[in-house]
Amino acid sequence: MAELAALQVLKELVPPELQTPRVGIICGSGLSGLATSLRQIVLVSYDKLPGFVESTVPGHKSILAFGLMGSGAGVPVVAMLGRFHPYEGHKLSSVVFPVRVMAKMGVKDIFITNAAGALNPALAVGTVVVVHDHIALPNLTGMNPLLGPQQDPSLPRFLPLSDTYSRSLRKLVFKAAHELSIERDALAEGTYAWVSGPTYETAAEGRFLRGIGADVVGMSTVPEVVAAREEGMNVLVLSLVTNAVVIPEGYKSVRDEVEAEIAGNPKAEVVDEVVSHEEVLALGKLKGGLVKSLVEKVLDLL
Ligand SMILES: O=P(O)(O)O[C@H]1O[C@H](CO)[C@@H](O)[C@H]1O
């Protein structure tokens with residue numbers, strides 16, 4: 001099994017007391033600062049680990065961090081300071097490989113973070129969304145990380161996903177927010193839509209995703225979630241809203257515009273904002289501290 005080769009290397013590089021982390025963390029775009037509070041930190045570069053590919057997206061580092069997080073003695077955790085996305089050209093099996101390695105290390109709870117665009121107009125930029133469900137069009141149409149022969153026949157072939165997002169971990173986030181006196185609007189609940197990317201959504205796609213019930217959209221997370229559930233982990237997903245997906249009410253008619261120009265009443269041109277990865281990263285830097293405080297407090301409450 002490929003994971004065992006990575007485990008073997010980790011046994012050599014990581015001190016025994018950190019080799020069996022209780023919690024796994026995946027840092028989203030611009031969110032690797034999450035790991036700055038790790039104590040007794042040990043960093044392992046992905047290129048040392050068989051089966052790990054490279055994280056090529058700005059805002060993601062190819063580093064696995066081990067350490068203790070949270071107050072008191074702390075909880076042993078392993079954190080991916082960068083993740084893999086299928087749009088980078090990585091196979092789905094590579095994208096979820098670190099999750100499988102975490103499972104073999106004994107990780108019970110996985111906290112997956114991401115940067116996401118808001119489809120729900122009630123979600124302001126900077127809000128942290130506790131994900132309670134997902135819509136994965138790629139999963140439903142042939143881009144499912146569990147397609148193919150089963151790697152491990154002891155795992156279920158037909159995995160139910162109706163109870164994917166741990167209710168008790170989600171409750172802990174709200175308890176943590178209460179203890180940290182985080183204002184109510186800074187934290188919300190919602191459904192994450194997974195798209196393959198790397199293009200951001202057109203307005204019509206944004207309207208469609210909103211129409212089918214998604215609150216936020218991103219290009220990651222769901223493959224990791226599916227693999228983690230297959231491995232029997234409890235899953236918590238926190239999405240940081242880094243931008244609003246611009247969904248104009250309706251189609252802006254150019255005919256109306258031209259007719260108004262011809263009639264001598266030109267309308268002021270409306271230019272919609274365009275999202276960029278730089279904006280996503282900047283917001284991650286600005287608001288990543290909120291995600292970090294919540295994760296630390298949840299670890300204390302586990
Ligand atoms: O989901 P994470 O990795 O946080 O990153 C999000 O930000 C990138 C786009 O700006 C995409 O990779 C999207 O998925």
Side-chain angles (χ1 to χ4, degrees), residues 24-35 46 52-65 79-92 94-99 102 110-119 123 125-131 134-139 143 145 165 190-202 205-206 209 214-228 235-246 273-292 294-295:
I25 298 174
I26 302 180
C27 300
S29 285
L31 295 173
S32 60
L34 255 175
Y46 293 167
F52 276 63
V53 288
E54 192 192 351
S55 216
T56 62
V57 183
H60 291 261
K61 298 175 186 165
S62 290
I63 295 174
L64 203 56
M80 289 179 74
L81 305 192
R83 63 150 54 89
F84 312 131
H85 307 82
Y87 66 73
E88 295 173 75
H90 299 313
K91 289 191 291 191
L92 279 166
S94 303
V95 168
V96 303
F97 184 78
V99 174
M102 286 182 184
I110 187 162
F111 299 176
I112 302 176
T113 67
N114 61 57
L119 298 160
L123 296 173
V125 168
T127 308
V128 173
V129 177
V130 183
V131 172
H134 72 231
I135 297 173
L137 297 174
N139 264 4
M143 203 175 143
Y165 296 88
T191 296
Y192 179 93
W194 175 41
V195 294
S196 77
T199 45
Y200 291 110
E201 298 65 44
T202 65
E205 288 163 350
L209 293 172
D215 297 290
V216 287
V217 56
M219 308 171 196
S220 71
T221 299
V222 169
E224 298 149 4
V225 166
V226 171
V235 171
L236 173 68
V237 171
L238 299 177
S239 292
L240 174 66
V241 175
T242 52
N243 59 285
V245 177
V246 178
E273 269 183 47
V274 175
V275 59
S276 71
H277 190 56
E278 288 68 35
E279 174 190 352
V280 168
L281 294 182
L283 208 287
K285 216 169 181 184
L286 195 69
K287 289 284 183 178
L290 177 57
V291 181
K292 183 171 143 192
L294 285 167
V295 166

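Just follow the structure's listing: the first ligand is 1, and inside any ligand the first atom is 1.
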Trainee: Is the shortest side-chain heavy-atom distance between Pro223 and Trp194 below 4.5 Å?
Mentor: yes

Trainee: Using the side-chain contact (heavy atoms from CB on, under 4.5 Å) rule, pick out the option among Ile135, Leu137, Leu209 that qualifies with Val195.
Mentor: Leu209

Trainee: Please verify the inter-ring angle class for His134 with Tyr165; under 30° counts as parallel, over 60° as perpendicular, anything in between as tilted.
Mentor: perpendicular

Trainee: Is there any N or O on Gly28 that sits under 3.5 Å from an N or O of ligand 1?
Mentor: no

Trainee: By number and element, which atoms of ligand 1 are closer than 4.0 Å to a non-hydrogen atom of His60?
Mentor: 3 (O)

Trainee: Could you check atom 3 (O) of ligand 1 against the protein and tell me its nearest heavy-atom contact, residue, atom and distance included?
Mentor: His85 NE2, 2.7 Å

Trainee: Quick one: look up the protein heavy atom nearest atom 12 (O) of ligand 1 and list residue, atom name and how far away it is.
Mentor: Tyr87 OH, 2.6 Å

Trainee: Between Ser220 and ligand 1, does any nitrogen or oxygen pair lie at a separation below 3.5 Å?
Mentor: yes

Trainee: Enumerate the atoms of ligand 1 whose separation from the nearest heavy atom of Val280 is less than 4.0 angstrom.
Mentor: 7 (O), 10 (O)

Trainee: Between Asn114 and Thr221, is the side-chain hydrogen bond (donor to acceptor under 3.5 Å, both in side chains) condition met? List the steps.
Mentor: CA-CA 7 Å; Asn114 61 57; Thr221 299; 2.8 Å; yes

Trainee: Quick one: pull up CD1 in Ile26 and CG in Leu31 and give me the separation to the nearest 0.5 Å.
Mentor: 12.5 Å

Trainee: Is it the case that over 12 heavy atoms from other parts of the model lie below 6.0 angstrom from the NZ atom of Lys287?
Mentor: no

Trainee: Do Ile112 and Val99 have side chains that get closer than 4.5 Å, going by heavy atoms?
Mentor: no

Trainee: So, regarding Tyr200 and ligand 1 (criterion: nitrogen or oxygen to nitrogen or oxygen, under 3.5 Å), is there a contact or not?
Mentor: yes

Trainee: Give the numbers and elements of all ligand 1 atoms closer than 4.0 Å to a heavy atom of Met219.
Mentor: 11 (C), 13 (C), 14 (O)

Trainee: Report yes or no: does Tyr200 contribute a side-chain atom to a donor-acceptor pair with the main-chain N or O of Gly117 at less than 3.5 Å?
Mentor: no

Trainee: Short N/O distance, under 3.5 Å, between Thr113 and ligand 1?
Mentor: no

Trainee: Could you say whether the N/O atoms of Ala115 and ligand 1 ever approach to under 3.5 Å?
Mentor: yes

Trainee: Does an N or O anywhere in Asn114 fall below 3.5 Å from an N or O of ligand 1?
Mentor: no

Trainee: Which heavy atom of the protein is the closest neighbour of atom 7 (O) of ligand 1, given with residue, atom name and distance?
Mentor: Ser29 OG, 3.2 Å

